[in-house]
Amino acid sequence: MKRSGSRRAAVVGLRAVMGLVALVLLVAGAWSSWDAAHHVVLAQGREHGTLTVTECGAETCTGRYEPDAASAARARVTVERSVAAEVGDRFPVVVRPGTDAVVRTGVPGLLHAWMPLGGAMVLAGFVIGGGVRMPRTAWVVGTAGAALLVATFVAL
């Protein structure tokens, strides 16, 4: 059975739109991740130290910041609750410039920072497989995103 020209154009248009949706998902995930990731990836010249968690609220945990080098110690800094496990935990952090907020560093911090991209990759995998009809690419993108999410869960 032959397809008409308009049918082919509709299929190509649908695949192009779905490809654009997948691209928007991936760009949004990377953009969202970069907010925290750039503090970890480009940590040269920032204040490095260790956070000791003293209390946790609904969304953030607070604690004492002990610097590694020439920066000043701080009695109270905050970190996202999902990064800090329990009161008494100690882990390396970098201070966000101009704030009292910190971002976890090292492999766990790096994985946590890229978590939004991992979720976007899983979602984009479904769009690529179902909408663009590229199942192998979909499996690669979705599996890589899922691996990133699982690695983050294990590392934290």
Participant: Measure the NE2-CG distance between His39 and Leu110 for me, rounded to the nearest 0.5 Å.
Facilitator: 13.5 Å

Participant: Can you tell if the side chain of Val102 reaches within under 4.5 Å of the side chain of Val94, non-hydrogen atoms only?
Facilitator: no

Participant: About how many Å separate OG1 of Thr105 and CZ of Arg46, when rounded to the nearest 0.5 Å?
Facilitator: 12.0 Å

Participant: Rounded to the nearest 0.5 Å, what's the gap from OG on Ser32 to CE on Met115? Could you check?
Facilitator: 10.0 Å

Participant: Counting N and O atoms only, with roles assigned by atom type, does the side chain of Thr78 sit under 3.5 Å from a partner on the main chain of Thr60, one being a donor and the other an acceptor?
Facilitator: no

Participant: By the rule that ILVMFWY residues connect when side-chain heavy atoms come within less than 4.5 angstrom, directly or transitively, which residues belong alongside Trp139?
Facilitator: none

Participant: Between atom CE of Met121 and atom CZ of Phe126, what is the distance when rounded to the nearest 0.5 Å?
Facilitator: 13.5 Å

Participant: Say whether Val127 and Leu117 are linked into one hydrophobic cluster, either directly or through other cluster members, by side-chain heavy-atom distances under 4.5 angstrom.
Facilitator: yes

Participant: Measure across Gly125 and Ala138 and return the closest heavy-atom pair with its distance rounded to 0.1 Å.
Facilitator: O-CB, 3.1 Å

Participant: Answer yes when Arg90 and Glu66 have at least one side-chain N-carboxylate O distance shorter than 4.0 Å, and no when they do not.
Facilitator: yes

Participant: Measure the spacing between OG1 of Thr52 and CZ of Arg64 and express it to the nearest 0.5 Å.
Facilitator: 5.0 Å

Participant: Are any of the side-chain heavy atoms of Glu55 and Cys61 separated by less than 4.5 Å?
Facilitator: no

Participant: For a quick test of your reading: what N or O donor-acceptor pairs under 3.5 Å do the side chains of residues 12-28 make, sequence neighbours left out?
Facilitator:
none

Participant: Answer with yes or no whether the hydrophobic clustering places Val53 together with Val95; edges join I, L, V, M, F, W, Y residues whose side-chain heavy atoms lie under 4.5 Å apart.
Facilitator: yes

Participant: Please report the shortest heavy-atom distance between Pro116 and His112, naming the atom on each side.
Facilitator: CD-O, 4.2 Å

Participant: For the side chain of His38 and the backbone of Trp34, is there at least one donor-acceptor N/O pair under 3.5 Å apart?
Facilitator: yes

Participant: Rounded to the nearest 0.5 Å, what separates atom OG in Ser71 from atom NE2 in His48?
Facilitator: 9.0 Å

Participant: Can a donor-acceptor pair be found, under 3.5 Å and without considering hydrogens, that links the side chain of Thr62 to the backbone of Val79?
Facilitator: no

Participant: Does any N or O in the side chain of Thr99 come within less than 3.5 Å of the main-chain N or O of Arg96, such that one atom is a donor and the other an acceptor?
Facilitator: yes

Participant: Between Asp100 and Arg74, is there a side-chain N and carboxylate O pair less than 4.0 Å apart?
Facilitator: yes

Participant: For a quick test of reading the model, state the closest non-hydrogen atom pair linking Ala124 to Val141 and the distance between them.
Facilitator: CB-CG1, 4.4 Å

Participant: Are Trp114 and Leu42 connected in a single hydrophobic cluster, I mean Ile/Leu/Val/Met/Phe/Trp/Tyr linked by side-chain heavy atoms less than 4.5 Å apart?
Facilitator: yes

Participant: For residues Val93 and Tyr65, determine if any side-chain heavy atom of one lies less than 4.5 Å from a side-chain heavy atom of the other.
Facilitator: yes

